[in-house]
Amino acid sequence: MAERCQGTAGGDIIPSIAAAARFSISPEVLEALHAVSHGVLLLHDGTITFANRAACRLVGADDLAGRSLDSLLGPEDARTGRVVSREPDLPRELSLLRADGSPVFVQAFAVPVLADGVSLDVVSLVDVGPRREAEEARRSLAELTRRQEAQLEHSTRLAELGEMAASISHELNQPLTGIRNYARNAFYMLEQTPGAEAEVKNNLRLISEQVDRAAKIINQMRELTRRTDSAFVVLDVNSVVRESVEFILPQMKLSEVEVSLDLADRLPPVWGDRIRLEQVFLNLLSNARQAMGDATVRRLVVRSQREGAPAPGVVVQVTDTGRGFSDEQARQLFQPFYTTRKGGHGLGLSISRAIVLDHKGSLEARGVPGQGATFTVRLPVAPGESAAGGRS
């Protein structure tokens, strides 16, 4: 390290900073400043009159005396660097340029002093590069975790659709069979009964309805299998519940489950992602169906209502008459890979709770062995909406 970096202010004073020569620093103070682990600069009118060893190491220079603070800063930080000395009580984060042109990020803190009648700024430079790298690593890890969670949610949706494949195939087969039959009828009428315009029109209308029905089923499947980023919008929970129930209804019919909807009118809207909330309700509905596989009475009730306390919100409950579960099982239900079902992967409820928590809500379970269970989803009212269902 060059001699000037080791004690410029108390030794050789170069001509460009002769104005600061009226003050001096004792060797003891110089050594103390050099012993400090972070960089220390003494500035006079923006020019460096002293730099300790740590400051020189920060920028990879042998000598900083005589240079301006601006010469160490990148163009985007030059203005901020000038403000440091004018507002000494405010620490600033700056990027200094090393000798090789690479940046080093520091937090600068300035204190004005008067030494032998000369106004100086003592600038402390703390290397925050490791902290920034750690923060960037945390951000990268958080983003990786988010992507993995999204992939897991998507994979779970695909697994649930796989379990529904038989009923979906059956449901699609019905409109397709209807389309075929109505088309044959229309063709027969045109061929055998010329002028039967009303009958042909009716068959064409029925064909159109069946096409719409099949298209709706396919669109629901496409939406559930589509992998997208979260899209939060203002939602009517009842419409999400109805779509979920309608989608899984063929499975319920095959399992001889009686489904009842008890949805409150004029619920306040919530702020949510439709596809992800549908995944939650489909998981709860599918679990309820499977829990009633051996039950004598198979009844599923889905209720919705508004909630005023402790905070305005919407509540959706899914109640079944299945095998239920104990309090001990209830405490483990939402843990990853825990399942009470043979062949279950144990991720559905864990992911469902994560989705609901991401919506600032809650998912709870209550069961009675041999009598059934109730899962309760609570979602807050959308920002700017009142619990009564209107703008606040």
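Model, not experiment: these values are computed from the prediction. Quick note: residue numbers are just sequence positions, from 1.
Remark: side-chain polar atoms of Arg378 are not paired, donor with acceptor, to backbone N or O of Gly361 under 3.5 angstrom. Listed for the His38 side chain is no donor-acceptor partner under 3.5 Å among the backbone atoms of Ser124. At distances below 3.5 Å, at least one donor-acceptor pair connects side-chain atoms of His34 with backbone N or O atoms of Arg53. Not one N or O on the side chain of Ser244 forms a donor-acceptor pair closer than 3.5 Å with the backbone of Phe281. Without hydrogens or angle criteria, Ser239 side chain to Asp236 main chain gives a donor-acceptor distance under 3.5 Å. Of the possible polar contacts, none joining the Thr319 side chain to the Thr374 backbone as a donor-acceptor pair under 3.5 Å is found. No donor-acceptor pair under 3.5 Å is formed between the side chain of Glu243 and the backbone N or O of Val240.
In this structure, CD1 in Ile355 is found 4.0 Å from CD in Gln279, a value given to the nearest 0.5 Å. Atom CZ of Phe105 is separated from atom CZ of Arg131 by 11.0 Å, given to the nearest 0.5 angstrom. Here CD of Gln290 is found 11.0 Å from CG of Asp320. Values are rounded to the nearest 0.5 Å. Of the inter-residue distances, the one linking Thr47 atom OG1 with Leu64 atom CG reads 12.5 Å to the nearest 0.5 angstrom. Summarising the geometry, atom CG belonging to Asp121 is positioned 10.5 Å from atom CG belonging to Leu41; distances are rounded to the nearest 0.5 Å.
In this structure, the side chains of Val316 and Thr376 stay at 4.5 Å or more apart for every pair of heavy atoms. Val270 is not listed as a side-chain neighbour of Val381, based on a closest heavy-atom distance of 4.5 Å or more. Within the 4.5 Å cutoff, side-chain heavy atoms of Arg306 are placed close to those of Arg266. Here the side chains of Pro103 and Leu96 are not in contact, with every heavy-atom distance at 4.5 Å or above. Side-chain contact between Val315 and Gln317 is present, with at least one heavy-atom pair separated by less than 4.5 Å. Between Asn238 and Arg242, the closest side-chain pair of non-hydrogen atoms falls below 4.5 Å.
No more than 12 heavy atoms of other residues, nucleotides or ligands sit less than 6.0 Å from atom CG of Asp294. In the displayed structure, Glu136 atom CD is contacted under 6.0 Å by more than 12 heavy atoms of other residues, nucleotides or ligands. A 6.0 Å sphere centred on CZ of Arg299 holds no more than 12 heavy atoms belonging to other residues, nucleotides or ligands.
Residues satisfying the salt bridge (charged side-chain N to carboxylate O under 4.0 Å, His left out) test with Arg303, not counting sequence neighbours, are Asp262.
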